[in-house]
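Remarks on the structure that follows.
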Amino acid sequence: MVGYALFFMEEAKQAVVRKTLDERNQMTDLERLRHSCAHVLATAVLRIWPQAKLDIGPPTKEGFYYDFDLADHRFCPEDFEKIEAEMKKITKENQVFERSVKTREEAEAFFAEAGQTFKVERLKDIPEGEEISFYQNGEFTDLCAGPHVMRTGNIKAYKLLKVASAYYRGNEKNPQLQRIYGTAFQKKAELAEWLEAQEEARRRDHRKIGKEMSLFTFDDDVGPGLPLWMPKGTVLVEELEKLAKETEFAAGYQRVRTPHLAREAMYKTSGHLPYYAESMFPPMEVTEAGEGEGGTDVKDRYYLKAMNCPHHHKIFAAVPRSYRELPMRLAEYGVCYRYEQSGELMGLMRVRSMQMNDAHIYCSAEQFAEEFRAVNEMYLKYFQIFGFEKYQMRFSTHDPAKLGEKFVDDPELWKKTEDMVREVLVDSGINFVEIPNEAAFYGPKIDVQVWSISGREFTIATNQVDFAVPPRFGLAYKTSENTLATPLCIHRAPLGTHERFIAFLIEHYAGNFPLWLAPEQVRVLPIGDDPIPFAKEVHKRLREAGIRAEIDAGRDKINGKIQNAEQAKVHTMLVIGNRESEAQSVSVRIHGKGNVGVTSFDACLSELEESIRLRKP
RNA sequence: GCCAGUUUAGCUCAGUGGUAGAGCAACGGUUUUGUAAACCGUCGGUCGUCGGUUCGAAUCCGACAACUGGCUCCA
């Protein structure tokens with residue numbers, strides 16, 4: 001019995017692969033600069049704390065870092081000034097980066113003498129026969145494949161950003177090192193621009209906007225990672241569900257509803273227990289009087305569901321199935337619960353209760369490719385509606401060496417399904433990366449990766465093939481030859497979970513939602529008291545048309561009303577003064593665009609309805 | 001979970017041992033308004049929780065909780 005990951009939102013672990021020499025030679029100029037800057041950082045730290053032990057200091061997507069071990073000192077932000085001052089001296093000294101080569105024995109002796117134990121260990125990673133190169137600048141010599149800039153003086157625009165901890169070699173069983181993050185650019189203007197962009201990112205953060213717009217909240221008494229959707233956030237949730245239900249209905253899905261929990265027995269069948277018990281909330285025990293602890297015996301255990309598939313499998317299994325019913329597409333916006341580690345929670349992006357845009361498609365092998373293609377097309381349709389541009393399709397396949405261990409032992413089905421998936425991707429002209437050894441236990445999958453405004457990578461949607469679990473649940477259908485066959489199952493969640501998807505949407509739009517999604521679509525703003533009767537009529541007709549409209553009949557001046565509406569990110573403002581009231585017209589102002597002119601209210605209403613119906617961007 | 005940091009009014013934040021502050025919001029009044037803030041006033045906090053040190057604690061110490069950053073980029 002093997003546990004398997006059914007968790008849709010599970011982040012894939014990056015394969016840890018040492019860069020080849022070839023890849024190193026392809027380092028960009030910027031990476032070279034940042035890597036050199038990391039060496040300057042290490043040089044400075046060693047000048048101030050000579051006892052520091054060094055690990056590694058690579059360039060990253062946004063800058064660089066260097067890992068240190070200082071037994072008797074904790075870096076604090078105030079140290080940055082001191083370190084940066086020393087770095088400045090080093091760049092002023094304009095030291096040359098000089099490459100040299102040592103034998104393995106020389107290298108080991110060199111680091112052993114310097115007490116650099118991490119470096120001694122890192123030496124062992126270098127394959128026999130590969131050159132062991134060093135770079136020296138001034139008094140600092142580091143094991144390094146390079147390449148570097150010519151001189152420390154070439155490093156002009158840099159900044160230390162934050163101090164964090166990191167496990168040695170990324171393994172939580174290893175000791176933690178202190179990591180200093182920094183960034184560097186060719187030009188000072190570029191650094192300033194990047195810092196400004198970081199500021200902008202902070203302003204777009206879904207946690208900040210969610211609070212400002214009263215979309216969702218967390219409460220200590222409710223519990224960490226358990227979001228409360230406020231009225232305006234609920235609008236977003238329900239609009240997404242409406243979109244999903246319409247789309248899925250048109251694509252031949254049927255809706256089902258299942259409870260939030262299930263007995264222990266089901267999770268034994270599914271294989272979640274005991275392997276995934278830790279990722280689930282602890283069970284609820286049903287007790288009766290007896291001999292056990294506290295005079296009670298445990299009669300049964302119930303678990304909150306971490307995924308919907310077992311429940312859906314049970315619906316498939318409830319009655320005998322015929323090939324004529326396939327493909328059977330069962331959809332549910334199911335609420336799931338996962339006991340995420342406390343340190344991994346992050347706003348709405350990573351939570352402990354989540355509602356999935358889930359569906360399971362049961363089909364025959366012959367139907368598989370078409371079904372999978374249809375699911376992919378659904379993804380692309382959604383992404384077009386939202387105008388997503390920056391995402392990556394990640395195709396995760398198995399590793400034949402791990403069949404029967406990490407992956408279900410059915411080489412033929414692996415090959416067949418992976419070929420089908422690959423073909424669908426290529427046919428649809430979708431850009432994707434193929435990552436071996438990252439498939440689910442039960443089949444290959446496609447994850448859609450996006451990046452939060454703070455730069456963290458998340459899986460926003462997933463499409464998985466499952467040829468292993470249906471047999472566990474004894475799922476079967478009668479074929480046209482009157483034999484029993486096991487269906488394939490496609491798990492898919494193009495809109496991921498409400499929590500993560502909406503977090504991403506908030507950041508994507510910076511809270512400036514398109515009309516169809518906007519929590520407050522229209523605000524009617526009468527100027528003074530005279531036009532209030534007409535403004536109320538306008539408001540009433542908007543509500544009757546199903547438009548989320550409010551009216552601000554308060555006593556602020558029109559500039560104040562506009563200010564309030566703009567700050568609330570109301571999509572459309574209808575300014576109504578005496579002129580409009582007399583002509584049955586409205587002066588239209590769009591959030592972020594300003595005044596777009598006066599039009600008859602009737603024309604305005606049809607335009608609003610049209611925009612909402614078509615879900616215009 | 002681990003390391004570090006943070007937690008003061010609904011929100012954004014001042015306040016580093018001597019009895020808690022500002023702006024915005026809310027509420028009340030005055031103002032009757034033309035495309036991003038009219039004016040005046042009022043209310044609002046056992047300073048995350050619990051414990052300790054002290055004549056005295058938002059401030060110092062400890063525990064706990066929540067949040068934030070990092071633990072993914074590999075010489």
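This is a predicted model, so every value here is computed, not measured. So that the names make sense, note that chain A is the first sequence line, chain B the second, and so on, each numbered from 1. FYI, side chains are in, hydrogens and waters are out, and symmetry mates aren't considered; it's all heavy atoms of this structure.
- Between Arg34(A) and C73(B) there is no side-chain polar atom (N or O) within less than 4.0 angstrom of OP1 or OP2.
- Under a cutoff of 6.0 Å and an axis angle of 45°, Arg34(A) and Phe185(A) form a cation-pi pair.
- Under the 3.5 Å distance criterion, with hydrogens and angles disregarded, no donor-acceptor pair is assigned to the side chains of Tyr391(A) and Asn431(A).
- At least one cation-pi condition fails for Lys569(A) and Phe513(A): the charged atom is not both under 6.0 angstrom from the six-membered ring centre and inside a 45 degree cone around its axis.
- The cationic group of Lys53(A) does not satisfy the cation-pi geometry with Phe68(A), failing either the under 6.0 Å distance to the six-membered ring centre or the 45° limit from the ring axis.
- Phosphate contact (OP1/OP2 of U12(B), side-chain N/O of Lys211(A), threshold under 4.0 Å): present.
- The one candidate from Glu128(A), Glu131(A), Glu130(A) that meets the salt bridge (Lys or Arg N to Asp or Glu O under 4.0 Å) condition with Arg104(A) is Glu128(A).
- Picking from A66(B), G29(B), G34(B) the nucleotide with the shortest atom distance to the side chain of Asn578(A) gives G34(B).
- Base engagement by Gln567(A) is indicated by at least one non-hydrogen atom pair under 4.0 Å involving a base atom.
- As judged by a 4.0 angstrom heavy-atom cut-off over every strand, Gly347(A) is placed among residues touching the sugar-phosphate backbone only.
- Here the separation of C39(B) from G44(B), taken at their P atoms, is 24 Å to the nearest Å.
- Among the protein residues, Asn559(A) comes within range of the sugar-phosphate backbone only, with heavy atoms under 4.0 Å from sugar or phosphate atoms but none that close to a base.
- Between C24(B) and C43(B), the two C1' atoms lie 15 Å apart (nearest whole Å).
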Sub-3.5 Å pairs of nitrogen or oxygen atoms, protein against nucleotides 40-45 of chain B:
none

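- Residues His591(A) and Asn512(A) have side chains that bring a donor and an acceptor to within less than 3.5 angstrom of each other.
- Asp529(A) comes within contact range of at least one nucleobase, with a heavy-atom separation under 4.0 Å.
- Using a 4.0 Å heavy-atom distance criterion, Lys561(A) is classed as making no nucleic acid contact.
- A cation-pi arrangement is not found for Arg151(A) relative to Phe97(A), the charged atom failing to lie both closer than 6.0 Å to the ring centre and inside a 45° cone about the ring normal.
- If you measure from atom CD1 of Ile453(A) to atom P of U68(B), you get 16 Å, rounded to the nearest angstrom.
- One interatomic measurement links the two molecules: CG of Asp205(A) to C1' of U12(B), which rounds to 16 Å at whole-angstrom precision.
- Distance noted for atom C1' between U49(B) and U31(B): 47 Å (whole Å).
- Residue Ile558(A) is classed as a sugar-phosphate contact, given heavy-atom separations below 4.0 Å to backbone atoms only.
- One side chain, His206(A) or Glu507(A), offers a donor N or O that lies under 3.5 Å from an acceptor on the other.
- Within the nucleic acid shown, Ile132(A) comes within 4.0 Å of at least one base atom, counting heavy atoms only.
- Nucleotide G10(B) has C24(B) as its partner under the Watson-Crick or G-U criteria, with both atom distances under 3.5 Å.
- Ranking C73(B), C67(B), A36(B) by closeness to the Pro58(A) side chain, first place goes to C73(B).
- Taking the six-membered ring where tryptophan is involved, the planes of Tyr337(A) and Phe281(A) are perpendicular, since the angle between them exceeds 60° and thus also 30°.
- For Lys162(A), no side-chain nitrogen or oxygen approaches OP1 or OP2 of G69(B) to under 4.0 Å.
- In this structure, Gly560(A) reaches the sugar-phosphate backbone alone: every heavy-atom distance under 4.0 Å involves primed, P, OP1 or OP2 atoms, never a base.
- With P as the reference atom, G21(B) and G34(B) are 39 Å apart, rounded to whole Å.
- The nearest whole Å value for the distance from the CG atom in Asp125(A) to the C1' atom in A75(B) is 8 Å.
- Comparing the P positions of G48(B) and U8(B) gives an interatomic distance of 6 Å, to the nearest angstrom.
- Residue pairs meeting the salt bridge (Lys or Arg N to Asp or Glu O under 4.0 Å) criterion with at least one partner in residues 577-597 of chain A, sequence neighbours excluded, are Glu566(A)-Arg589(A).
- Of the C1' atoms belonging to G10(B) and G45(B), the separation is 12 Å, rounded to the nearest Å.
- Remark: G5(B) base-pairs with C67(B); criterion is Watson-Crick or G-U wobble with both hydrogen-bond distances under 3.5 Å.
- With A66(B), C71(B), A38(B) as the candidates, the nucleotide lying closest to the side chain of Glu344(A) is C71(B).
- No more than 12 heavy atoms of other residues, nucleotides or ligands lie within 6.0 Å of NZ in Lys536(A), so this atom counts as exposed by the packing criterion.
- Comparing A66(B), C73(B), U32(B) against the side chain of Thr60(A) picks out C73(B) as the nearest.
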Any N/O pairs under 3.5 Å between the protein and nucleotides 3-6 of chain B? List them or say none.
residue: C3(B); atom: O4'; partner: Gln176(A); partner atom: OE1; Å: 2.3
residue: C3(B); atom: O2; partner: Ser165(A); partner atom: OG; Å: 3.2

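- Nearest nucleotide to the side chain of Tyr181(A), out of A75(B), C74(B), C71(B): C71(B).
- Salt bridge status for Glu196(A) with Arg203(A): present, with a side-chain N to carboxylate O gap under 4.0 Å.
- In the interface, the side chain of Tyr167(A) is paired with the base of C2(B) through a donor and an acceptor atom under 3.5 Å apart.
- Between Arg169(A) and the phosphate of C71(B), there is no side-chain N or O to OP1/OP2 separation shorter than 4.0 Å.
- For A38(B), the paired base is U30(B) (Watson-Crick or G-U wobble, both distances below 3.5 Å).
- The pair Asp556(A)-Lys561(A) fails the salt-bridge criterion, with no side-chain N (NZ, NE, NH1 or NH2) lying under 4.0 Å from an Asp/Glu carboxylate O.
- With P as the reference atom, A22(B) and G41(B) are 12 Å apart, rounded to whole Å.
- Nucleotide C60(B): paired with G52(B) (Watson-Crick or G-U wobble, both distances less than 3.5 Å).
- Comparing the same atom, C1', in A14(B) and in A58(B) gives a spacing of 12 Å after rounding to whole Å.
- Picking from A75(B), C11(B), G69(B) the nucleotide with the shortest atom distance to the side chain of Arg456(A) gives G69(B).
- Residue whose closest nucleotide on RNA chain B sits further toward the 5' end, between Gly594(A) and Glu62(A): Gly594(A).
- Interface remark: the Arg207(A) side chain does not form any donor-acceptor pair with the U68(B) base, using a distance-only criterion of under 3.5 Å.
- Note: CD (Gln198(A)) to C1' (G69(B)) measures 13 Å, nearest angstrom.
- In this model, a side-chain donor or acceptor of Glu130(A) finds a partner on the base of A75(B) within 3.5 Å.
- Taking every side-chain heavy atom of Arg589(A) into account, A36(B) is the closest of U33(B), C67(B), A36(B).
- No hydrogens or angles were tested; on distance alone, a donor-acceptor pair under 3.5 Å links the side chain of Glu580(A) to the base of G34(B).
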